[in-house]
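Here the structure comes first, spelled out in structure tokens, and everything after it is commentary.
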2 protein chains.
Amino acid sequence: MELSERKQKILGAVVEQYIKTGEPVGSKALLNALDFSVSSATVRNEMAELVSMGFLEQPHTSAGRIPTNEGYRYYVDHLMVNSTIDESVRRRIEAGIHSAGSDPEKLIEKAGAVLAELTDCAAVSTTPSGEGASIKRIEAVPVGTHTAMIVLLTSTGVLKSKVCRSDTDLSASVIEKFYNVVKTSFIGLPLSSVDTAMMQSLVASLGSDVFTLMPLVTVISDLAQDALRTEIVLGGQSNLLHYSNYYGNSAYELLEFLRRGEPLSKLLSSVSSQDGVEVRIGSENPYRQLMKSSVIVSNYNIDGSKRGSIGIIGPTRIDYAKLIPSVKFLTNLVGEMLTKTFNDE
Amino acid sequence: MELSERKQKILGAVVEQYIKTGEPVGSKALLNALDFSVSSATVRNEMAELVSMGFLEQPHTSAGRIPTNEGYRYYVDHLMVNSTIDESVRRRIEAGIHSAGSDPEKLIEKAGAVLAELTDCAAVSTTPSGEGASIKRIEAVPVGTHTAMIVLLTSTGVLKSKVCRSDTDLSASVIEKFYNVVKTSFIGLPLSSVDTAMMQSLVASLGSDVFTLMPLVTVISDLAQDALRTEIVLGGQSNLLHYSNYYGNSAYELLEFLRRGEPLSKLLSSVSSQDGVEVRIGSENPYRQLMKSSVIVSNYNIDGSKRGSIGIIGPTRIDYAKLIPSVKFLTNLVGEMLTKTFNDE
DNA sequence: GTTAGCACTCTTTAACGGTGAGTGCTAACT
DNA sequence: AGTTAGCACTCACCGTTAAAGAGTGCTAAC
């Protein structure tokens with residue numbers, strides 16, 4: 001859809017004005033914001049056309065215009081100029097990220113918290129996917145005579161642990177056998193190959209030790225699955241209450257939707273693996289609960305390949321021009337940090 | 001303050017009615033709920049006295065009555081009969097708790113989630129305090145040439161870990177020295193004695209190894225502090241939005257208050273160490289944000305001594321008679337589960 | 001001490017009219 | 001053909017008013 005230059009300027013001004021004030025914007029109010037001078041009648045004519053093209057709408061006959069989802073979309077794709085990231089914002093992000101320490105999951109959580117606070121939106125992130133990671137180390141830490149804690153460390157620096165209970169005494173000789181099995185069958189193995197087929201062939205090879213070792217080995221499989229799974233981390237949900245006059249009483253539904261997490265997970269994983277930031281506006285999101293919300297999300301890469309995403313969720317009248325660069329900056333930084341941890345041997 | 005039997009019945013009926021409907025209750029509506037028959041005028045007279053005594057109040061002159069905080073207090077202390085816990089409720093709690101596995105922190109989180117869902121309130125819990133726990137085991141898991149993951153296991157089954165970075169090579173001999181120090185100075189030590197004084201005297205005794213071992217040993221101290229600290233776990237905050245016509249737009253403030261956590265921590269730790277359930281109604285809580293909320297909280301014991309608390313937060317017109325037994329039942333069950341994990345060696 | 005009766009208070013709801021912002025349209029202008 | 005001034009029109013918003021209804025406090029009789 002082609003738009004004349006003047007229509008573009010008008011659409012852009014309406015979007016920006018509406019983002020700023022939250023009020024429908026009328027033809028007169030626009031005149032100030034425009035850098036060329038025409039009469040309000042001209043603007044009205046143009047706006048009427050923008051309405052019939054589907055970029056603007058009127059809440060009711062005699063009100064100003066507000067952007068439709070398509071209006072925002074056009075704005076984001078063609079009109080918006082990304083504002084450069086504020087020095088103070090940059091510092092806050094950096095300070096927040098660096099204070100998180102080196103645990104990848106903690107880092108992601110912290111990143112979300114910073115982003116939420118900064119943008120006054122809810123933040124969603126996924127922990128680094130274990131895809132492509134392999135098992136680096138497994139330890140069995142005896143806790144009692146019948147219990148041991150199995151600790152699994154992946155090549156990506158993620159640590160998972162679980163207590164395991166056995167019917168037989170976990171004597172030193174059992175532990176030794178366990179370590180043998182671990183050394184020959186697990187160390188160095190990609191997480192994704194610890195599947196049922198692999199486990200079954202392992203059982204076959206264990207011989208008579210199967211009964212004593214099985215509980216321990218099963219836990220390894222659990223942990224591998226666990227490390228493979230990416231988790232959804234939420235932050236700043238209550239920020240959305242700031243827009244409660246926008247969300248009305250559907251705020252609860254939205255928060256519940258976020259809390260449930262599974263649909264969100266799909267949403268995030270469908271983000272294209274491209275480098276840029278992805279913006280989903282209102283009904284572009286395939287979930288009823290997000291109809292009035294926009295999602296700004298970006299992937300973070302570790303060693304150059306996509307490993308997870310971080311994004312924010314807010315009302316559709318979010319400040320795209322300001323927030324997109326923030327999300328971008330943050331994900332880049334997180335990627336750098338994680339890459340550093342990875343390669344830091 | 002003494003109340004005639006009739007006043008008690010009337011107060012009780014008002015509280016229960018108001019809890020059920022959320023509407024101010026008038027004299028006529030009460031007649032049905034009372035098991036003796038008098039006229040509405042008599043009830044009115046009694047209610048007027050209850051107002052002047054401070055147990056009831058009127059939102060405005062010609063409305064029904066609603067209980068004051070003191071009214072709820074009298075109800076909880078003298079009038080309420082705890083309803084027996086529902087069979088289906090019991091099953092849901094048990095199912096939820098048992099599905100949590102044996103990690104104490106996970107268990108607490110799950111318990112909170114179940115309670116929140118069941119009561120339609122927000123849940124707050126504290127993880128088991130490390131007070132009185134000692135260091136059971138410490139492992140150093142090399143991750144790279146300059147990094148190792150230190151894992152600390154307490155006598156209470158809590159596992160904490162942290163990655164530690166050293167300037168010098170973490171060769172096998174360094175690790176061996178580390179284990180020696182651990183064995184002689186840390187294993188069996190109560191968490192609370194790993195303080196700065198202890199660390200200083202340790203540094204003195206390390207001699208020339210101090211530079212290689214110090215980073216590792218410092219992490220142990222961090223982990224001990226970490227294990228000692230109790231954490232606040234929240235759940236079901238968004239449930240509070242169900243009462244948004246009750247909370248109005250102070251809902252955000254309330255949620256933020258919960259999210260911050262520190263004040264909550266004080267609140268919970270001030271729960272008497274007695275066995276029962278503690279109820280704090282409205283302004284009995286020393287925080288402005290909780291003025292319109294009630295807290296029902298109970299401690300859980302491990303091996304007979306108080307280790308943490310679990311509770312719920314909701315509007316003051318919460319169903320005390322039904323929820324108090326639920327909280328009680330849940331905390332007892334959690335205590336049992338944790339005690340079992342503890343003693344299960 | 002209890003109750004019937006009644007006037008009174010105060011909220012809620014709907015209806016009403018005025019105001020103002022903003023529009024769409026038409027006719028004149030460049 | 002595009003632009004603009006002018007104007008009638010629409011509709012949310014606001015304050016007022018009126019009626020309805022719920023519930024009360026009080027008084028006087030039981």
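Order of the sequence lines fixes the chain letters, A, B, ..., with proteins taken first and strands second; residue numbering starts at 1 for each chain.
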D/dA22: pairing nucleotide in any strand, Watson-Crick or G-U under 3.5 angstrom = C/dT9
What is the base-pairing partner of D/dC30, counting Watson-Crick and G-U wobble geometry with both distances under 3.5 Å?
-> C/dG1
Could you tell me how far apart [X] ([atom1]) and [N] ([atom2]) are, to the nearest whole angstrom?
X: A/M47; N: C/dG24; atom1: CE; atom2: C1'; value: 12 Å
X: A/F36; N: D/dT3; atom1: CZ; atom2: C1'; value: 13 Å
X: A/L50; N: C/dG24; atom1: CG; atom2: P; value: 12 Å
X: A/L31; N: D/dT4; atom1: CG; atom2: C1'; value: 12 Å
X: A/E57; N: C/dT23; atom1: CD; atom2: P; value: 14 Å
X: A/K7; N: D/dG2; atom1: NZ; atom2: C1'; value: 12 Å
X: A/L30; N: C/dG22; atom1: CG; atom2: P; value: 10 Å
X: A/L34; N: D/dT3; atom1: CG; atom2: P; value: 13 Å

So do the side chains of B/P67 and B/Y74 get within less than 4.5 Å of each other, counting heavy atoms only?
-> no
Side chain to side chain, B/R92 and B/E117, heavy atoms closer than 4.5 Å = yes
With B for base contact, S for sugar-phosphate-only contact and - for none (protein heavy atoms under 4.0 Å), nucleotides 1-20 of chain C reads -SBBB---BBS---------
Phosphate-side-chain proximity, A/R65 and C/dA21, N/O vs OP1/OP2 below 4.0 Å | no
Going by an N to O cut-off under 4.0 Å, is there a salt bridge joining B/E256 and B/R259?
-> yes
Using 4.0 Å as the upper bound for N to carboxylate O, is an ion pair formed by A/R65 and A/E57?
-> no
Can you tell me if A/S270 and A/R280 form a side-chain donor-acceptor pair at under 3.5 Å?
-> yes
Determine, stepwise, if the pair B/E70 / B/R73 fulfils salt bridge (charged side-chain N to carboxylate O under 4.0 Å, His left out).
-> CA-CA 5 Å; B/E70 288 72 26; B/R73 170 53 62 199; over 6 Å; no
For A/Y246, ring-ring contact (aromatic ring centres under 6.0 Å, His included) partners two or more places apart = none
